[in-house]
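To start, the structure itself, in C-alpha cells.
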Number of protein chains: 2
Amino acid sequence: MTAVQPQESKRQRAPSKRSLATRERVLDAAEAVFALRGFEGATIRDIAAEAGVPVGTIHHHGGGKEALFHQTIARRAETLSRARLSAIQRVRAEGPMTLEAVLAAFIRPFFELTDQDGGWRHYARLVAFVSVDDRWRALSAKFFDPTAEVFFAELLALLPRASRPQIAESFVFSVSAMLALLTSRERIGVLSGEDAAQEDQIDHLIRFCAAGLRG
Amino acid sequence: MTAVQPQESKRQRAPSKRSLATRERVLDAAEAVFALRGFEGATIRDIAAEAGVPVGTIHHHGGGKEALFHQTIARRAETLSRARLSAIQRVRAEGPMTLEAVLAAFIRPFFELTDQDGGWRHYARLVAFVSVDDRWRALSAKFFDPTAEVFFAELLALLPRASRPQIAESFVFSVSAMLALLTSRERIGVLSGEDAAQEDQIDHLIRFCAAGLRG
DNA sequence: GTCTATAATGAGATAGAC
DNA sequence: GTCTATCTCATTATAGAC
C-alpha cells in the first residue's frame, strides 16, 4: 500500500519450487479430507496431518478454511472445463451431432479424469457436494455454470421441438444422474449384484439421459 | 440395572402432552436447521434458538446431536414409506402395471407431502443430504432401502429383457433425478426462464425416468 | 518459506435449581 | 419436565522464532 509499490497485491517474487510442491500437497490433502467429511466436518488439523505439514502452513497457503475450499474447487475446474469444451468442439468438427455425442462430450471427460487419478476421484465427490448444497451456489455458478450453458445451448439446438423449460429440467436430471454414478459406482455394484464393466455403466448413463431427453 | 426393575430402559410414565409438544418443536427446528446448514454446520444452539427453548432441552429430548439427527430422519420416514407402499398397492390392485405407474407410485407421494407442509420441504433436503453422503449410509439402509427394494423388484418384473445391473443403475439415476427436482425446483425455474407448472415438472420427471429405463 | 506455541472463540455436554 | 449456569474440549487463526 506504499507509493513505491503501484501495482497492488502483486506477488513480489515467483513462488519457489518447494513452495509450489507444498501447496500441491496441501490442496491434495484438503481435497481428500473435504471429500470424505464435507466442509464443516473437515478440520484444518485433519488436513495438516494428511498433508504432513504443520497447521500454520495450511493457513499460509490456503488463507483460511473457506478460501482453502475455494482453491480446492478452483484448482481442477479449469482442466475439467477445457476437457469438456474441447470434446464438444471435436463433436462439432467431426460429427455426427447426436444427442448421445453431446452428452458424451459432457460426461466422458469427467470419468476419464476420475479414472486416471485418485485426486480426481475425491474431486468428483466434492463437485457432487457443491452441486447439491445451496451454500456453495456461488462456486457452482462461477466454475461450472458457464460450461453447462454451452452444452445447454447445444441441447436446445438439437431438440427444436422440446420447450426450453423441459430441456432445462432434463439437463438437471442428467447432471444429477452423472454425479450419482461418479460418486457411487461401488454402491451401484452392490445393489446390482454383479460387476458391470465401468465402460458399460457410462454408456448406459449416456443412453439413459438421451432417452430421457427425447421422451 | 437393579433387581427391582427387570424391564430395562422402559419409560416409567407416558410423556405429558406438553412434553410431546416441545419434542415436536425441537424436531421441527432440528429439521429446519439441519436442512439449511448440514449436520456439522448446524449447532445445537441454532436449533435451540429456532425452537425457542433452552439448550439443555435439546439434549433432554434429542439425547445428543447425532441421536437428534437420527430422530429427525426417523420421524417422517415411516409416513413416507407407507405412502409409497400404499401407492404401489393401489397400482397393483387397479392397474395398469406400467413403468410410469410404478415410478409415479415412488415419486408422487414424496412431492405431495412436500407440497402440503413446510416441514416436509426441509425433510426433502435432509433426505437428499443423507442419500448423497456415505457417512449416513446406515440411515439410508435402515429407513429408505427396504421400500426402494420393493420398487426395484417391480421394475425387474416389468423389464424382463433388461439385465439386473442395468435396472439397478437406472433406478439410481431415477432416484437422483427425483432428489434433484425435490431440492431445486426454484433453481430449475431460473435456468429455464419460464415458470413451468409444478405438476408438469413431476410428469416430466416420470416420463424422463421411464424413457431412460426403457432405453 | 516453514514451523512452534499460543491466543481466542465457540462448540457439545451436563449438574443441579426450579 | 424445564431451564440456568458452567465445564471441558476442539477448533480456527495468528504472532513470532527459525
task: Report yes if the distance between the aromatic ring centroids of B/Phe106 and B/Phe171 is under 6.0 Å, otherwise no.
output: yes

field: Ion pair B/Asp200/B/Arg207, N-O distance below 4.0 Å
entry: no

query: Roughly, in whole Å, what's the span from CZ in B/Phe39 to P in C/dA11?
result: 14 Å

query: Taking CD from B/Glu40 and P from C/dG10, how many angstroms apart are they, rounded to a whole number?
result: 19 Å

- request: Flag the pair A/Arg108 and A/Asp115 as a salt bridge only when some basic side-chain nitrogen lies within less than 4.0 angstrom of an acidic carboxylate oxygen.
  value: no

task: Please state how far atom CG in A/Leu68 lies from atom C1' in D/dA13, giving the value in whole angstrom units.
output: 13 Å

- prompt: Hey, does the side chain of B/Ser19 come within less than 4.0 Å of D/dG1's phosphate (OP1/OP2), counting only N and O?
  reply: yes

- request: Output yes when at least one side-chain N/O atom of A/His61 is less than 4.0 Å from OP1 or OP2 of C/dT2, else no.
  value: yes

- request: Go through B/Phe151 and B/Arg84 one step at a time and tell me if the side-chain contact (heavy atoms from CB on, under 4.5 Å) criterion holds.
  value: CA-CA 9 Å; B/Phe151 284 83; B/Arg84 281 171 165 167; 4.0 Å; yes

query: Taking A/Arg135 for the side chain and B/Arg37 for the main chain, is one N or O donor matched with an acceptor at less than 3.5 Å?
result: yes

- prompt: OP1 or OP2 of C/dT2 sitting under 4.0 Å from any side-chain N/O of A/Thr22?
  reply: yes

- prompt: At under 4.0 Å between heavy atoms, what does B/Ala42 touch on the DNA or RNA strands: base, sugar-phosphate, or nothing?
  reply: sugar-phosphate

- prompt: Starting at NZ of A/Lys65 and ending at P of D/dT11, how long is that distance when rounded to a whole Å?
  reply: 9 Å

query: With respect to the phosphate group of C/dG1, does any side-chain polar atom (N or O) of A/His60 fall under 4.0 Å of OP1 or OP2?
result: no

task: Please work out if B/Arg45 contacts a base, only the sugar-phosphate, or nothing of the nucleic acid, heavy-atom cut-off 4.0 Å.
output: base

message: In this structure, how many angstroms lie between the C1' atom of C/dG10 and the CD1 atom of A/Ile44, rounded?
response: 16 Å

query: How many Å lie between CD1 on B/Ile58 and P on D/dG1, as a whole number?
result: 16 Å

field: Nucleotide nearest A/His59 (side chain, heavy atoms from C-beta), chosen from C/dC3, D/dA13, C/dT14
entry: D/dA13

- request: Determine: side-chain N/O of A/Thr57 to OP1/OP2 of C/dC3, distance under 4.0 Å, yes or no.
  value: yes

